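The structure appears below as structure tokens.
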Amino acid sequence: MALKDTIGIGPAIEVPDFNGPLDLLLHLIRKNKFSIHDIPISSICAQYHQHLREMQRLDLELAGEFLWMASWLLHLKSRTLLPKASADGGEDDPRRELVDRLLEYRRVKEVAEYLYDADVVRRCLWEPNIGVQGHGGELELDWEDVDLRVLARTYLEVMDRFAAAHPPPLQVTPLRFKVQDKMRELYDTVHQNKLMPLLRHLDTRTDPEEVVALVVATLELVRLGGVRAEQRRVFAEIFLRPGPRAYDPAATFHQESLEAVHDH
Amino acid sequence: MITDRVLAFLEAALLTSRGPVMVQGLVEALGDGTVSAAEVEEALKSIRDQLSAPGHGIRLEKVAGGWRYVTLPELDDPLRVFHGLAAKQRLSQAALEVLSIVAHRQPVTLPEVNFVRGANSTGVVRTLLDRGLIRLAGRKKVVGKPFLYRTTKEFLVHFGLDRIEELPEPEKMIQDENFEAE
Amino acid sequence: MITDRVLAFLEAALLTSRGPVMVQGLVEALGDGTVSAAEVEEALKSIRDQLSAPGHGIRLEKVAGGWRYVTLPELDDPLRVFHGLAAKQRLSQAALEVLSIVAHRQPVTLPEVNFVRGANSTGVVRTLLDRGLIRLAGRKKVVGKPFLYRTTKEFLVHFGLDRIEELPEPEKMIQDENFEAE
């Protein structure tokens, strides 16, 4: 068992790294050469608390189970101090459960020690790795040892691999309404009807993308002189009328206007 | 000098290596400077000679500038049978992948499994059917009416589950905090 | 009858296998019906005895119900140098305690392990699962349906046990009821 570094001015007691309160209790019983079946609770309780204080002083991480054990020991101590409730000898020893748990834990430690010795030697052994000629030597798992966790991990690995092989596509939606088309459409309508209420027409359109295309097309046609726009008041209807110049889609279309729609 | 320790190390190094072993690497690993490359080469030759006696199933051969153990060609047949038998208690990585997909996405079709894995899984699915870990569960009502697959009762028994609904979310099985909450 | 061919096959089969090899599989692969399981077992023991002579770096051991070749522990250092690998991590005291509990009480739940140890074992259990020394074995039919744990075949292999029953009983290891002075 590794001793923690004892920093600072020589501590009163050594504080080894215990694997829980039972481990610490066994250590104290062993150190005092107490019988595990007849633990002097007062003495053990005092020593246990002294250890906890020392661990706190050294700023060691003190898990909740150490504190729980401290209160249990205090409880046992108070019960052993009380006069026996009944006269018959069948009265349960309040220490009974603690003794049972300590005995069980001591058994665990014995087996753990055996496993420790085995581990020291056995982790130095190497298996054959030459494989079979002409065989991929794919790693295979013993079916007996395939459990839910192996299954879950495999599934997540497959899905990760799938996600890596199928990155989400870039969101490139094609322009459904071309400014150029809308320009011709508007130009033709205005020249046919001689007058066109733009806002009312836009209100009939449900697709925002088409509205944007129409607005840009209007601005473009006005700039080119294909139509004229009139508005009497702010927020009032915008009327489109035929402009001074004829519209020639092939010659006059400007790339910038398309990009304006893109940016939108 | 060729000692028993050197011979023992050479045997162990060859056993634990996949592919040919370079003499120089062996000399360096022995490291004490008492063994030369020529001595290692000599020791390897003595191991080779020993293995040429009857009753040995492997020989030591020199290829591509290195040394490696190979099995005798006449043992190919029984070895193939043996490794085939041994494979029955084992599950290949591919089989495990298909099983995990069927388990977590059931019912699922072969094309779906293939798509998720990015590899053809026909043979593996047949193996899993033969081993009674997955079963046919009707056909999917899409073009081609492919078979649907589900896990079996035997699958549940192996993983200690009463019903397939008890199969935990894969993420929960791997993440710390949820695992603790169980 | 144990012929040279049988011995050769056994050597080749063991050298090309990972993990312990079952006698039954060897008998079946030889297939001609002339060799019994007892004879194969006998042949394996003779190979094992041969390898115990000096100058050999491997030995044949019986573990987890099968046979396998392993290198000698004292060759670990030069083998690690040769393969360029770091030493395997030692198991912590806490991990060994959890293993002891799982080995003796399996199947067992995490709360049960925690109670016997008197300390939280969640992290340790995860580590042991990752190292393949314990595995999930279904859920206990009590409130909360906690997972049950068992030791794996790898546990037997790692600790050199043929069967789990070979793990010594703690009662037999404890000679007297009280602690001796250290």
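By convention in this document, chain letters (A, B, ...) are assigned in the order of the sequence lines, proteins followed by strands, and residues within each chain are numbered from 1. Quantities reported herein were computed from a predicted structural model and do not represent experimental measurements.
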Given a strict heavy-atom distance threshold of 4.5 Å, which part of [X] is in contact with chain A: side chain, backbone, both, or neither?
X: Leu75(B); result: neither
X: Arg131(B); result: side chain
X: Ser17(B); result: backbone
X: Leu167(B); result: side chain
X: Phe82(B); result: neither

Q: Kindly state each residue pair satisfying ring pair (Phe, Tyr, Trp, His ring centres under 6.0 Å) with at least one member in residues 94-123 of chain B, sequence neighbours excluded.
A: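 Passing the test, one end in residues 94-123 of chain B: Tyr155(A)-His104(B), Phe162(A)-Phe115(B), His166(A)-Phe115(B).
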
query = Does Arg205(A) CZ have over 12 foreign heavy atoms under 6.0 Å away?
reply =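 Yes, enclosed.
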
| request: Please check if atom CD in Glu169(B) has more than 12 non-hydrogen atoms from other residues, nucleotides or ligands closer than 6.0 Å. | output: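 Check fails, neighbour count at 12 or below.
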
Requested in this report: With sequence neighbours left out, write down each residue that passes salt bridge (Lys or Arg N to Asp or Glu O under 4.0 Å) with Glu97(A), or none if nothing qualifies.
Outcome: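 Testing Glu97(A) for salt bridge (Lys or Arg N to Asp or Glu O under 4.0 Å), a comparison that skips the adjacent residues, returns none.
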
Any non-hydrogen side-chain atom of [X] less than 4.5 Å from a side-chain atom of [Y]?
X: Ile174(B); Y: Arg153(A); value: yes
X: Arg18(B); Y: Ile130(A); value: no
X: Trp126(A); Y: Leu15(B); value: no
X: Glu97(B); Y: Glu157(A); value: no
X: Glu171(B); Y: Leu156(A); value: yes

- Message: Name the residue from Leu91(B), Leu96(B), Ile101(B) that meets the side-chain contact (heavy atoms from CB on, under 4.5 Å) definition with Thr154(A).
- Response: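 The passing option is Leu96(B).
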
Practice item. List the atom of Arg117(B), the atom of Arg161(A), and the distance in Å for their closest heavy-atom pair. Key: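 Residues Arg117(B) and Arg161(A), closest heavy atoms: O-NH2, 3.1 Å.
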
Q. Can we say Glu144(A) and Arg90(B) salt-bridge, meaning some charged N sits less than 4.0 Å from an Asp/Glu carboxylate O?
A.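 Between Arg90(B) and Glu144(A) there is no salt bridge, as every charged N stays at least 4.0 Å from the carboxylate O atoms.
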
Nearest 0.5 angstrom please: Leu151(A) CG to Phe159(B) CZ, how far?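 Between Leu151(A) CG and Phe159(B) CZ, I get 4.5 Å after rounding to 0.5 Å.
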
Supply the atom-to-atom distance Asn129(A) CG to Leu14(B) CG, rounded to the nearest 0.5 angstrom.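 If I round to the nearest 0.5 Å, the distance is 12.0 Å.
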
- Item | Contact origin within Leu148(A) toward chain B - heavy atom pairs under 4.5 Å |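 When you check distances to chain B, atoms from both the backbone and side chain of Leu148(A) fall under 4.5 Å.
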
